[in-house]
Amino acid sequence: MPPFATPPISPLSITFDGQTGTMSPEGPVLTRRMSDLAGLFADTAAWEAAVADGDPVVYQVASSPVPEAEGELPQSITTILPGTVAGEFHMTKGHQHPNPQGEIYLGLSGTGGLLLFDGERPQWIDMAPGVIGYIPPGWAHRSVNTGDEPYRFLAVYPGNAGHDYGWVLANGMGHRVYRGEGATPRFEPFTATP
Ligand SMILES: O=P(O)(O)OC[C@H]1O[C@](O)(CO)[C@@H](O)[C@@H]1O
Ligand SMILES: [Fe+2]
């Protein structure tokens, strides 16, 4: 057995409900409200108005008990509620893994997308139930709800990958994703917020 800093946990069975985004047994549950997404939406005035108007929940992350520790493969289900800020779809903060390693997302319910950016090239993967989106090492990633119902996905990632949110604040994600005509999102090149 390699000398892990945290002893590996015991084998376990985890059940989940892709329609509600819950896991059993359950680990930490994280709620991100509009105020947690400071500096991310293009229209700062519209974002401030949404924060003042009840500071709604934008997404929740329900994790299994598998810890974020070296050698483990933690899982979480993220539920992004539908909506926009001045037309820009609800989204996760987005992050880089400071310890560059891959990650997989599996679409569970609703429709959305996975926006990836390596600092030069933005990429988009349409996500829906049954779709696996693969995030290679070195690609920042953000999820977007492009529909009118909650978008849910399961994430599985190396426990020592880490989360660097500052990278996305500094570099953006290459594109912004807006409600377009019909079901097709509209993409605009990222420009830094004022
Ligand atoms: O960490 P963010 O960018 O807020 O996005 C949340 C999602 O990403 C993860 O951090 C995994 O990459 C999960 O916790 C969750 O699936
Ligand atoms: Fe990640």
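This chain uses plain numbering: 1 for the first residue, then up along the sequence. Bear in mind the structure is a predicted one, so any value in this text is a computation, not a measurement. FYI, side chains are in, hydrogens and waters are out, and symmetry mates aren't considered; it's all heavy atoms of this structure.
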- prompt: Distance only, no hydrogens: is a donor on one side chain within 3.5 Å (strictly under) of an acceptor on the other, for Tyr134 and Glu103?
  reply: no

- line: On a heavy-atom basis, the closest approach of Pro129 and Gly110 is CD-O, 3.3 Å

message: Do Ile125 and Tyr178 land in one hydrophobic cluster if side-chain heavy atoms of ILVMFWY residues count as linked below 4.5 Å?
response: no

For Ala62 against Gly21, the heavy-atom pair lying closest together: CB-O, 3.5 Å

query: Would a 4.5 Å heavy-atom cut-off, applied to side chains only, mark Thr92 and Arg32 as touching?
result: no

Charged tip of Arg176 within 45° of Phe190 ring normal and under 6.0 Å: no

- request: Please answer: with hydrophobic residues joined when any side-chain heavy atoms are less than 4.5 Å apart, are Val156 and Val66 in the same cluster?
  value: yes

message: Please find the pair of heavy atoms, one from Ile14 and one from Gln75, that lie closest to each other, and give the distance.
response: CD1-OE1, 3.2 Å

query: Minimum heavy-atom separation for Ala140 to Trp167, with atom names?
result: CB-CZ3, 3.4 Å

- prompt: Hey, are the side chains of Val58 and Leu81 touching, using non-hydrogen atoms and a 4.5 Å cut-off?
  reply: no

message: Working note: Glu68 + Tyr157, criterion side chain to side chain donor-acceptor pair (under 3.5 Å); need CA distance, chi angles, decisive distance, verdict.
response: CA-CA 9 Å; Glu68 291 188 344; Tyr157 55 101; 2.6 Å; yes

field: side chain to side chain contact (heavy atoms under 4.5 Å, CB included) partners for Ser24, two or more places apart
entry: Thr15

message: Count I, L, V, M, F, W, Y as connected when their side-chain heavy atoms are under 4.5 Å apart, and connections chain through other members. Are Val29 and Leu12 then in the same cluster?
response: no

Taking every non-hydrogen atom, the tightest pair across Gly39 and Leu169: O-CD2, 3.9 Å

- prompt: Taking NZ, NE, NH1 and NH2 as the nitrogens, is one of them in Asp118 or Arg121 under 4.0 Å from a carboxylate oxygen of the other?
  reply: yes

Same apolar cluster: Ile132 and Phe16, side chain cutoff 4.5 Å: yes

- request: Measure the shortest side-chain to side-chain distance between Ile77 and Met23 over non-hydrogen atoms and say whether it is less than 4.5 angstrom.
  value: yes

- prompt: If you measure from CZ on Arg186 to CD on Glu88, what distance do you get to the nearest 0.5 Å?
  reply: 9.5 Å

- request: Would you please test Leu40 and Met91 for side chain to side chain contact (heavy atoms under 4.5 Å, CB included) and show each step?
  value: CA-CA 9 Å; Leu40 298 177; Met91 60 191 180; 3.8 Å; yes

query: Are a donor atom and an acceptor atom from the side chains of Thr79 and Gln60 found within less than 3.5 Å of each other?
result: no

- request: Taking atom types as modelled, find out whether Asn171 and Gln96 have a side-chain donor-acceptor pair closer than 3.5 angstrom.
  value: no

query: Quick one: does Tyr59's side chain get under 4.5 Å of Thr31's, heavy atoms only?
result: no

- request: Supply the atom-to-atom distance Leu30 CG to Ser76 OG, rounded to the nearest 0.5 angstrom.
  value: 9.5 Å

- prompt: Listed by chain and number, what are the side chain to side chain contact (heavy atoms under 4.5 Å, CB included) partners of Ser109, not counting sequence neighbours?
  reply: Gln19, Arg152

- request: Measure the spacing between CE of Met127 and CD1 of Ile80 and express it to the nearest 0.5 Å.
  value: 10.0 Å

- request: May I ask you to test the Leu116-Pro122 pair for a side-chain heavy-atom distance under 4.5 Å?
  value: no

message: Within this structure, what is the CG-CG distance for the pair Asp17 and Leu108, rounded to the nearest 0.5 Å?
response: 9.5 Å

query: Can you pull the ring pair (Phe, Tyr, Trp, His ring centres under 6.0 Å) pairs that have at least one residue in residues 72-106, sequence neighbours excluded?
result: His95-His97, His95-His141, His95-His163, His95-Tyr165, His97-His141, Tyr105-Phe153

- line: CE of Met34 to CG of Leu37, rounded to nearest 0.5 Å, is 7.0 Å

- line: Distance col, row Glu48:CD vs Asp43:CG, nearest 0.5 angstrom, shows 9.5 Å

- prompt: Are Tyr151 and Thr146 close enough that some pair of their side-chain heavy atoms sits under 4.5 Å apart?
  reply: no

query: Shared ILVMFWY cluster between Trp139 and Ile104, side chains joined below 4.5 angstrom?
result: no

message: Parallel, tilted or perpendicular: which one describes the rings of Trp124 and Phe187, with boundaries at 30° and 60°?
response: perpendicular

Verdict with supporting geometry, Asp148 and Arg179, side chain to side chain contact (heavy atoms under 4.5 Å, CB included): CA-CA 11 Å; Asp148 295 319; Arg179 190 182 292 285; 3.4 Å; yes

query: What is the minimum heavy-atom distance between Pro158 and Gly102, and which atoms define it?
result: CD-O, 3.0 Å

message: Do Glu72 and Pro8 make a side-chain contact, defined as non-hydrogen atoms from C-beta onward lying under 4.5 Å apart?
response: yes

- request: Decide yes or no for Leu114 and Ile135: does some side-chain heavy atom of the first lie under 4.5 Å from some side-chain heavy atom of the second?
  value: yes

